[in-house]
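One structure is given here, and the rest of the page talks about it.
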There are 2 protein chains.
Amino acid sequence: MGNCTQCIVKRLNALRNLSHEELELFSEHKTSLLIKKGENLMTEGSAINGLYCINQGKCKLTKLNTNGKEQIIKFIKGGDILGHRSILSDEPVGLNVTALEDMRVCFIPKGDILEVLKENSLFSLSIMKNISHQLNEANNLISEMAQKPVKDRLATIIMNLNDIFGKDSEGFIDIVLTREEIANTIGTATESAIRLLSNLKKDKIIDLKGKKIKILDLNALKNISEGY
Amino acid sequence: MGNCTQCIVKRLNALRNLSHEELELFSEHKTSLLIKKGENLMTEGSAINGLYCINQGKCKLTKLNTNGKEQIIKFIKGGDILGHRSILSDEPVGLNVTALEDMRVCFIPKGDILEVLKENSLFSLSIMKNISHQLNEANNLISEMAQKPVKDRLATIIMNLNDIFGKDSEGFIDIVLTREEIANTIGTATESAIRLLSNLKKDKIIDLKGKKIKILDLNALKNISEGY
DNA sequence: AAAATTTAATGATATTTGTCATACAAGTGT
DNA sequence: ACACTTGTATGACAAATATCATTAAATTTT
């Protein structure tokens, strides 16, 4: 099991503000775990007693609606942290976190986190910054979902996925999602998502190869996402 | 101009965790302001250099979409604080804050806030708790907006308004909103909102008297909001 | 109080999106 | 290589919602 002081992933998130001693503390108490594709790291409504630091792998954050539909709220990849929101608000976990590929994750107990939060104001500010940024993003998404037609929303999330996951060697966005997952992200029926993807391909705005998506005309995509 | 140490409003928010000395500091540097109905306290995209503590009055937090439509993200009333998200993430203001009635507001400079945040971990934790809670609420709203039909969303926000603003002496929800504002909250056309409100009235689930709404059958409303 | 403006209500119609049915393709395990 | 499951695609149709037009009511201004 690796040592937190050596871990390069921590440079990507709020943990970068910790002292050597604090990292040693985390390292002693942390546990590493492997999550297989499709498995849940966190489950909506459950209690949580620590912070997850994602070492490797991609996952989706979802919510099950009262009408039984899954809504994908956000995608997360290695370098991000999870669970701090729930720890801080003292509320149950609000989202399901499901692995989209095999993941390697570290778990740090709540007590250690809270202790360091009290002592290290740089860490504390960094966590606040993270959540504040997320809140702003969430507010933008509310507006997006409430006001824009499905086609616009699809264009938006294709660009989002591109920003988050980047491109593979062939220029396709480096994430594999089913059509159903895409539909659950933009809040529409699977068939509608399929049709709109096909349209974008026909118009040479994107290319499709199995589940992979390549952006061909970013400008056109941007225009669609803004309602033109 | 009042003194922060005496202010009863501060008991309702994170400021309750401040020491007498810290409140004195705030009190010395704070400015009080009056915002008239319809005026903006904050504007989307602008910089902000302090925290607002709402003494009295109700306001709406909105966002102007790329397609020119206004989306109401949230309603806020006296006792709440505003602007901390933007200060903490070091990002421009994300939302317009518009007074729905005359407001009395205190402004505390950013420097003072950041200083106390570093020193007072109780205050700091309380702010984190506030934002974390807001993030959870925002995630719920994303799901609500993306997945549910307009009728369900209308039922949901009527209950929300009831929770936030309570009832007046006649049992009507204590907030005055135009039909357009209601439509902009649930992300639909004004005409659709009007029609659905009329239907709810016809079904004796709510009562309408001008712009005021009274809940007659909370259970029915809850069922609708959950898609039954 | 009358006029002007804004807001609310309602019908007719167009557009968007969802649902159901079916076919086909791709992946999975035996 | 085979059946079996799951995912993708497409057409036909139904339902939800938006848009446009018009009238009525409420509010503000003069």
Side-chain angles (χ1 to χ4, degrees), chain A residues 36-38 60 65 67-72 98 100-101 144-157 172 175-203 206-213 224-225 227-228, chain B residues 36-38 60 65 67-72 100-101 144-158 172 175-203 206-213 224-225 227-228:
Chain A
K36 294 243 174 204
K37 178 177 173 176
K60 59 178 177 181
N65 237 318
N67 50 27
K69 291 181 193 163
E70 174 188 272
Q71 174 65 33
I72 298 181
T98 310
L100 293 168
E101 51 187 45
E144 180 87 16
M145 289 303 191
Q147 299 272 7
K148 290 189 181 170
V150 176
K151 188 181 179 185
D152 304 22
R153 278 149 43 191
L154 176 60
T156 303
I157 86 124
F172 287 87
I175 180 74
V176 173
L177 296 172
T178 65
R179 300 293 193 257
E180 189 182 7
E181 285 171 323
I182 293 175
N184 289 348
T185 310
I186 56 182
T188 191
T190 307
E191 295 94 324
S192 299
I194 290 173
R195 269 183 252 267
L196 291 168
L197 280 170
S198 299
N199 288 348
L200 288 176
K201 180 177 180 175
K202 208 176 57 198
D203 295 343
I206 61 170
D207 190 19
L208 297 172
K209 188 176 159 191
K211 293 190 175 46
K212 285 267 188 154
I213 302 172
I224 293 169
S225 82
Y228 302 117
Chain B
K36 294 239 174 209
K37 177 177 173 175
K60 58 178 177 181
N65 238 319
N67 52 26
K69 292 180 194 164
E70 174 188 273
Q71 174 64 35
I72 298 181
L100 293 168
E101 51 186 47
E144 179 88 15
M145 290 303 191
Q147 300 272 7
K148 290 190 182 170
V150 176
K151 188 181 179 185
D152 304 21
R153 283 157 27 201
L154 176 60
T156 302
I157 86 123
I158 291 174
F172 286 88
I175 180 73
V176 173
L177 296 172
T178 64
R179 299 294 192 257
E180 189 182 7
E181 284 172 323
I182 292 174
N184 290 347
T185 310
I186 56 182
T188 191
T190 307
E191 295 94 323
S192 298
I194 291 173
R195 270 182 250 267
L196 291 168
L197 280 170
S198 300
N199 288 347
L200 288 176
K201 180 177 180 176
K202 208 175 56 198
D203 295 345
I206 62 170
D207 191 20
L208 297 171
K209 187 177 161 192
K211 293 189 175 45
K212 286 265 187 155
I213 301 171
I224 293 169
S225 81
Y228 301 118

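Sequence lines set the chain letters: A, B, ... in the order given, protein chains first and strands last, and positions in each chain run from 1.
Here the C1' atom of nucleotide D:dG7 and the NZ atom of A:Lys212 are 18 Å apart, to the nearest Å. Note: NZ (A:Lys69) to P (C:dT19) measures 5 Å, nearest angstrom. Between the CD1 atom of A:Ile194 and the C1' atom of C:dT17 there is a distance of 14 Å, rounded to whole Å. Atom-to-atom, CG of B:Leu197 to C1' of C:dA9 comes out at 11 Å; the value is rounded to the nearest Å. Atom CD1 of A:Ile186 and atom C1' of C:dG18 are 13 Å apart (whole Å). For A:Ile182 and D:dT8, the CD1 to P distance is 8 Å, given to the nearest whole Å. Atom NZ of B:Lys151 is separated from atom P of D:dA16 by 9 Å (rounded to the nearest Å). In this entry the distance linking NZ of A:Lys37 with C1' of C:dG27 reads 11 Å, nearest Å.
Of the listed nucleotides (C:dT10, D:dA18, D:dT10), D:dT10 has the atom at the smallest distance from the side chain of A:Ser198. Nearest to the side-chain atoms of A:Pro149 among the listed nucleotides C:dT16, D:dT10, D:dA18 stands C:dT16. With distances taken from any side-chain atom of A:Val150 to the nucleotides C:dC20, C:dT17, D:dT19, the minimum falls on C:dT17. The side chain of A:Thr178 lies closest to D:dT8, out of D:dT8, D:dA21, D:dA16.
A salt bridge is absent between B:Glu181 and B:Lys211: the closest approach of a Lys/Arg side-chain nitrogen to an acidic carboxylate oxygen does not fall below 4.0 angstrom.
The residue among B:Leu208 and A:Leu196 whose nearest nucleotide of DNA chain C is located toward the 5' end is B:Leu208.
Side-chain atoms of A:Arg195 stay outside donor-acceptor range of the base of C:dG18, with no qualifying N/O pair under 3.5 Å.
For the residue pair A:Asn65 / A:Gln71, no side-chain donor-acceptor distance below 3.5 Å is found, with atom types taken as modelled.
The CG atom of B:Leu154 lies 6.5 Å from the CD1 atom of B:Ile206; values are rounded to the nearest 0.5 Å.
Distances shown here put a side-chain N or O of B:Lys211 below 4.0 Å from the OP1 or OP2 atom of C:dA8. OP1 or OP2 of D:dA18 has at least one side-chain nitrogen or oxygen of B:Thr188 nearer than 4.0 Å. Phosphate contact (OP1/OP2 of C:dT17, side-chain N/O of A:Ser192, threshold under 4.0 Å): absent.
When side chains are defined from C-beta on, B:Thr188 does not count as touching B:Leu196, because their heavy atoms never get closer than 4.5 Å.
Contacts of B:Thr190 with the nucleic acid, taken as non-hydrogen atoms under 4.0 Å apart, are absent.
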The test is side chain to side chain contact (heavy atoms under 4.5 Å, CB included); show your working for B:Ile182 and B:Ile213 and say whether it passes.
CA-CA 11 Å; B:Ile182 292 174; B:Ile213 301 171; 4.0 Å; yes

